Amino acid sequence: MAESPQDTPGTPDETVARFLAFMEAEKNASPRTLEAYRRSLGQYRGWMAGRFTAWQDCTTGDFRTWLYEALNQELKPATIRLRFAALRSFYLYLMRREGLSANPLETLALPKARHSLPVHLNLSQMEELLSLPLRTPPDKKSPPWLPLRDAAILELFYSCGMRLSELVSLNADALQDDGDCVRVLGKGRKVRIIPVGEYAREAISRYRELAALEPRGPLFISRLHRRMSGRSIQLMLDKYLRISSIPFHISPHKLRHTFATHMLDAGADLRSVQELLGHASLSTTQIYTHVTKARLKEAYLRAHPRADWNQGE
């Protein structure tokens, strides 16, 4: 395929622009995914610098050298795989839509992803965290609804296992059927309906009534009545962690891990948890089974009278 003038160094990359437009329009890629792809493609082209002529001229050797440099920099395997996920999607697009005859990434081997077990809170830790907003003396300058808002946020995270981005984008009318379910816009702009537990429903109801929310406005608002950001929710969580007995730091995403782990511990099937979390693949959800299996083994070794008979006694 002939090089187009737009793809020469120092000019806007129209090939990448077409690819990102395709991903947004036809693959429903989220803004976050689009930005990650744009960044990864830009990093590779920046690394090539003066050697770059056109995407169609890049070779397997070029990508292998970039991979080796990333490994020498001791980047995490997950970071490297994310970079090359963007490149692989890009070159598949070039083959299917722009006439590229061969994929230079087809034979490139990437480092294996390390699957670490997700960090989560145990039940007593989760219950302590959920109780803190209403047990903590409020700031005299804060609106009276603010502790109720914090309690509602934590209860909803634990009740539904939604992503942080999903929670901050909720509007007050996202709750359906008298609050029994919440409508969530997830990755790939896929909509799913998640049941809401009784504690979360009550917490949200108390907060909404006192905060006098706009029916079509954001569900969770700041002191200035603006939609809360993901950063402000992390800061809110950090505030309660500092006064808790929880011995490690957690993010809102760890509350999602906690939801999934507790559901499986209580006997929920993997497919149902997959649906609730909004995972496209069951393999993504299966990492939580390692947590529950490890806990079962620990309980077995601690409680069974003959559990350690084969350990050299």
Side-chain angles (χ1 to χ4, degrees), residues 23-24 27-37 39 78-79 81-82 85-86 113 115-121 126 129-130 149-176 179 181-197 199-201 203-204 207 218-222 227-238 240-241 249-264 268 270-289 291:
M23 291 298 295
E24 182 177 21
K27 297 295 184 180
N28 284 327
S30 68
R32 194 171 177 179
T33 297
L34 294 173
E35 180 55 35
Y37 280 13
R39 183 169 56 250
T79 300
R81 292 180 70 86
L82 281 173
H115 295 295
S116 56
L117 294 181
V119 176
H120 64 281
L121 302 178
M126 191 69 233
L129 181 62
L130 292 172
R149 180 205 67 186
D150 294 351
I153 289 172
L154 295 177
E155 289 284 1
L156 193 59
F157 265 132
Y158 184 53
S159 178
C160 299
M162 64 181 64
R163 300 176 180 93
L164 175 60
S165 59
E166 295 169 346
L167 185 134
V168 298
S169 67
L170 291 177
N171 287 333
D173 60 359
L175 293 163
Q176 302 179 340
C181 294
V182 62
R183 182 179 182 273
V184 173
L185 184 63
K187 282 189 174 181
R189 299 176 184 174
K190 294 179 180 176
V191 175
R192 68 185 191 278
I193 306 298
I194 309 175
V196 180
Y199 288 97
R201 292 200 306 271
I204 292 169
Y207 155 65
L219 177 57
F220 295 115
I221 57 175
S222 68
R227 185 183 300 275
M228 291 184 74
S229 66
R231 175 64 177 161
S232 59
I233 289 180
Q234 177 67 68
L235 291 173
M236 178 271 290
L237 179 58
D238 289 345
Y240 294 118
L241 287 172
H249 183 265
I250 63 167
S251 64
H253 200 69
K254 299 300 186 293
L255 300 181
R256 178 170 161 87
H257 293 330
T258 299
F259 161 83
T261 303
H262 290 186
M263 287 285 291
L264 289 167
L270 202 59
R271 287 284 183 187
S272 297
V273 175
Q274 175 196 2
E275 186 71 22
L276 291 168
L277 291 173
H279 285 162
S281 169
L282 188 63
S283 61
T284 309
T285 316
Q286 283 176 331
I287 189 171
Y288 298 106
T289 63
V291 178

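Model, not experiment: these values are computed from the prediction.
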Taking the side chain as every heavy atom from C-beta outward, state whether [X] and [Y] have any pair of such atoms under 4.5 Å apart.
X      : Y      : result
Ile153 : Phe157 : yes
Tyr199 : Leu130 : no
Leu121 : Thr261 : no
Pro252 : Leu167 : no
Leu241 : Asp238 : yes
Thr258 : Ile250 : no

[X] (side chain) donor-acceptor with [Y] (main chain) under 3.5 angstrom:
X      : Y      : value
Tyr207 : Leu219 : yes
His279 : Val273 : no
Arg201 : Val196 : yes
Arg149 : Ile221 : yes
Arg256 : Gly161 : yes

Taking all non-hydrogen atoms of both residues, which atom of [X] and which atom of [Y] are closest, and how far apart?
X      : Y      : answer
Gly230 : Val168 : N-CG1, 3.9 Å
Pro218 : Asn171 : CA-OD1, 3.6 Å
Ala86  : Tyr37  : CB-CD1, 3.5 Å
Gly197 : Ser159 : N-OG, 2.8 Å

- Task: Mind checking salt bridge (Lys or Arg N to Asp or Glu O under 4.0 Å) for Glu155 and listing every partner two or more places apart, or none if nothing turns up?
- Result: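 If we apply the salt bridge (Lys or Arg N to Asp or Glu O under 4.0 Å) test to Glu155, skipping adjacent residues, there are no hits.
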- Apply salt bridge (Lys or Arg N to Asp or Glu O under 4.0 Å) to Arg227 and list each qualifying residue two or more places apart in sequence or on a separate chain.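 Scan of Arg227 (salt bridge (Lys or Arg N to Asp or Glu O under 4.0 Å), adjacent residues dropped) gives none.
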- Item | Value rounded to 0.5 Å, distance of NZ in Lys27 from OG1 in Thr33 |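 Those atoms lie 13.0 Å apart.
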- Query: Atom NZ in Lys254, atom NE2 in His249: separation rounded to 0.5 Å?
  - Reply: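 One finds 9.0 Å between NZ of Lys254 and NE2 of His249.
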- Leu255 and Met126: CA distance, side-chain angles, deciding distance, side chain to side chain contact (heavy atoms under 4.5 Å, CB included) verdict: CA-CA 9 Å; Leu255 300 181; Met126 191 69 233; 4.0 Å; yes
- Can you tell which of Leu185, Leu276, Leu277, Val184 makes a side-chain contact (heavy atoms from CB on, under 4.5 Å) with Arg192?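 That would be Val184.
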- With Ser232, which residues qualify under side-chain contact (heavy atoms from CB on, under 4.5 Å), at least two apart?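 Here the qualifying residues are Met228, Ser229.
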